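Notes for the one structure printed next.
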Amino acid sequence: MNYSLGLYEKAMPNTLPWEEKLTIAKKSGFDYLEMSVDETDEKLARLEWSKEERESLLDLMHKHDFYIRSMCLSGHRKYPLGSPDEKIRQQSLDIMEKAIQLADDLGIRIIQLAGYDVYYEEGNAETEHYFKENLKKAVEMASEKGIILGFETMETNFMNTVSKSMKYVKQIRSPYLQVYPDLGNLTNAALASDRSVYADIDQGQGHIVAAHLKETVPNVFREVPFGTGHVDFSKGIEKLFEHGVNRFVAEFWYTGNPEWEKDLVQANEFIRSHIEKGA
């Protein structure tokens, strides 16, 4: 079975220079790196990189024959597309436009888009309206550059399943808006619904471009070590393979363990063993 397994950037210490991140991820057995552009000022500043800074990172990728091929864009948590505040909505579109340009410059093919209308406040019909309105604009921007936007299934009720993501995919009807689900989040969402994880994945037929492989336990969505939670990776990956999904990212976090490099190797081995079973 042909597939690619990427590493989530935040699995490594934030202080590492890019060259170390690339070389360590490659040495640990991964096939590519997923860049994080989260809501922190530090990560959002990446969107303002100069031409020279972008070219420098490209040179490093070519030098080590190891590439950044997807972007996890969670900066919209702080600046959501569905915000009732017009100024914040404009900021959200600015972030989107700059993220698409950065992806284009670095050779990134897929931007994982957080499935939130709003995050730090209660959503309503107004926030959903603004979300859809600005989502259309975001997809138009992405289509111009040939970059695919893929909805991440999140931990909040707004978009915690493939089915809920598909509502917007069907409304927008563009090849540049697809679904990039998180298997851990889907597993938690299934606990609160009558549909299984695998039946939910079926709802995305023809529209799932990649998947996050993350461990969870009920009501806990982050920093759960692989193999200690309730995600059935083998069965989930088998179902994703059925739908032609061959790109995965191992999503986990560096939490201060001094032996974090061993964690990368172990995560790689753990995930690949389940990919082989799923195949």
Side-chain angles (χ1 to χ4, degrees), residues 6-14 21 32-49 68-83 85 88-103 106 108-121 123 127 130-131 134-135 137-139 141-142 147-162 164-165 168 177-186 188-189 209-216 220-224 247-255:
L7 175 66
Y8 184 53
E9 182 194 346
K10 288 186 176 181
M12 296 178 283
N14 192 42
K21 288 181 177 179
Y32 66 99
L33 190 64
E34 180 165 274
M35 170 188 278
S36 167
V37 178
D38 64 22
E39 63 192 289
T40 63
D41 291 340
E42 179 207 357
K43 292 289 199 300
L44 289 172
R46 293 174 171 181
L47 304 180
E48 310 296 337
W49 277 346
I68 300 169
R69 284 296 181 244
S70 56
M71 176 193 298
C72 180
L73 179 62
S74 53
H76 284 131
R77 281 164 57 129
K78 189 175 180 181
Y79 303 101
L81 293 166
S83 174
D85 186 320
I88 293 177
R89 291 199 304 277
Q90 186 55 54
Q91 286 176 294
S92 77
L93 289 172
D94 289 345
I95 288 169
M96 192 76 256
E97 184 174 21
K98 290 174 181 177
I100 290 167
Q101 185 60 59
L102 181 61
L106 295 180
I108 289 170
R109 287 95 157 94
I110 301 170
I111 296 176
Q112 188 184 47
L113 195 62
Y116 302 122
D117 54 346
V118 290
Y119 184 74
Y120 291 111
E121 56 193 298
T127 60
Y130 285 134
F131 173 77
N134 287 322
L135 180 62
K137 295 175 184 177
V139 174
M141 295 177 197
I147 305 295
I148 294 172
L149 305 181
F151 276 132
E152 181 177 12
T153 52
M154 308 308 297
E155 74 277 20
T156 59
N157 193 52
F158 181 76
M159 196 181 292
N160 57 355
T161 65
V162 171
K164 292 175 182 177
S165 302
Y168 295 96
L177 181 65
Q178 303 294 341
V179 187
Y180 185 161
D182 182 306
L183 190 58
N185 291 349
L186 293 184
N188 275 357
V209 293
H212 264 184
L213 302 179
K214 182 183 72 177
E215 186 68 274
T216 55
V220 180
F221 296 84
R222 293 169 62 97
E223 300 178 5
V224 180
R247 292 185 72 81
F248 306 95
V249 166
E251 187 184 27
F252 57 107
W253 286 261
Y254 166 73
T255 58

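Keep in mind that what you see is a predicted model, and the values were worked out from it rather than measured. Only this structure's heavy atoms are used, side chains among them; waters, hydrogens and symmetry mates stay out.
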On a heavy-atom basis, which atom in [X] and which in [Y] lie closest, and how many Å separate them?
X: Ala189; Y: Asn160; result: CB-O, 3.3 Å
X: Leu81; Y: Ser92; result: CD2-OG, 3.3 Å
X: Met154; Y: Ala114; result: SD-CA, 3.9 Å
X: Leu73; Y: Ala99; result: CD2-CB, 3.9 Å

Just by distance, with hydrogens left out, do Lys10 and Asn14 show a side-chain donor and acceptor under 3.5 Å apart?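 No donor-acceptor contact under 3.5 Å links the two side chains.
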Between Tyr32 and Val249, is the side chain to side chain contact (heavy atoms under 4.5 Å, CB included) condition met? List the steps. CA-CA 9 Å; Tyr32 66 99; Val249 166; 3.4 Å; yes
Salt bridge (charged side-chain N to carboxylate O under 4.0 Å, His left out) with Arg89: which residues, sequence neighbours excluded?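 Expected list: none.
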Considering residues at least two apart in sequence or located in another chain, which fulfil the salt bridge (charged side-chain N to carboxylate O under 4.0 Å, His left out) criterion with Lys43?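 Applying salt bridge (charged side-chain N to carboxylate O under 4.0 Å, His left out) to Lys43 gives none.
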Got a sec, which residues hit ring pair (Phe, Tyr, Trp, His ring centres under 6.0 Å) with [X], two or more places apart in sequence or on another chain?
X: Tyr79; answer: none
X: Phe151; answer: none
X: Phe158; answer: Phe131, Tyr168

Qualifying residues under side chain to side chain donor-acceptor pair (under 3.5 Å), relative to [X], sequence neighbours excluded:
X: Tyr116; result: Glu155
X: Tyr180; result: Glu34
X: Thr127; result: Asp117
X: Lys78; result: none

For the residue pair [X] and [Y], establish whether any side-chain heavy-atom pair is separated by less than 4.5 Å.
X: Leu186; Y: Val162; value: yes
X: Leu113; Y: Met96; value: yes
X: Leu7; Y: Phe252; value: yes
X: Cys72; Y: Val37; value: no
X: Ile100; Y: Met141; value: yes

Please round to the nearest 0.5 Å and tell me the distance separating atom [atom1] of [X] and atom [atom2] of [Y].
X: Glu97; Y: Leu93; atom1: CD; atom2: CG; result: 8.5 Å
X: Gln90; Y: Ile95; atom1: CD; atom2: CD1; result: 10.5 Å
X: Gln112; Y: Ser74; atom1: CD; atom2: OG; result: 9.0 Å
X: Leu44; Y: Asp94; atom1: CG; atom2: CG; result: 11.5 Å
X: His76; Y: Ser83; atom1: NE2; atom2: OG; result: 11.5 Å
X: Ile110; Y: Gln178; atom1: CD1; atom2: CD; result: 9.5 Å

May I ask you to check if Arg77 and Tyr119 form a cation-pi contact, with NZ or CZ under 6.0 angstrom from the six-membered ring centre and within 45° of the axis?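 Yes.
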Where do Arg222 and Thr216 land on the side chain to side chain contact (heavy atoms under 4.5 Å, CB included) test, with the steps shown first? CA-CA 7 Å; Arg222 293 169 62 97; Thr216 55; over 6 Å; no
Using the test side chain to side chain contact (heavy atoms under 4.5 Å, CB included), find all partners of [X] that sit at least two apart in sequence or belong to another chain.
X: Asp182; value: Glu152, Thr153, Asn185, His212, Lys214, Glu251
X: Ala103; value: Met71, Ile108, Ile111, Ile147
X: Glu223; value: Trp253, Thr255

With no hydrogens and no angle check, is any side-chain donor or acceptor of Arg46 less than 3.5 Å from a backbone partner on Ser36?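 Between the backbone of Ser36 and the side chain of Arg46 there is a qualifying donor-acceptor contact (under 3.5 Å).
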Pair Met35, Tyr8 - check side chain to side chain contact (heavy atoms under 4.5 Å, CB included), show working. CA-CA 7 Å; Met35 170 188 278; Tyr8 184 53; over 6 Å; no
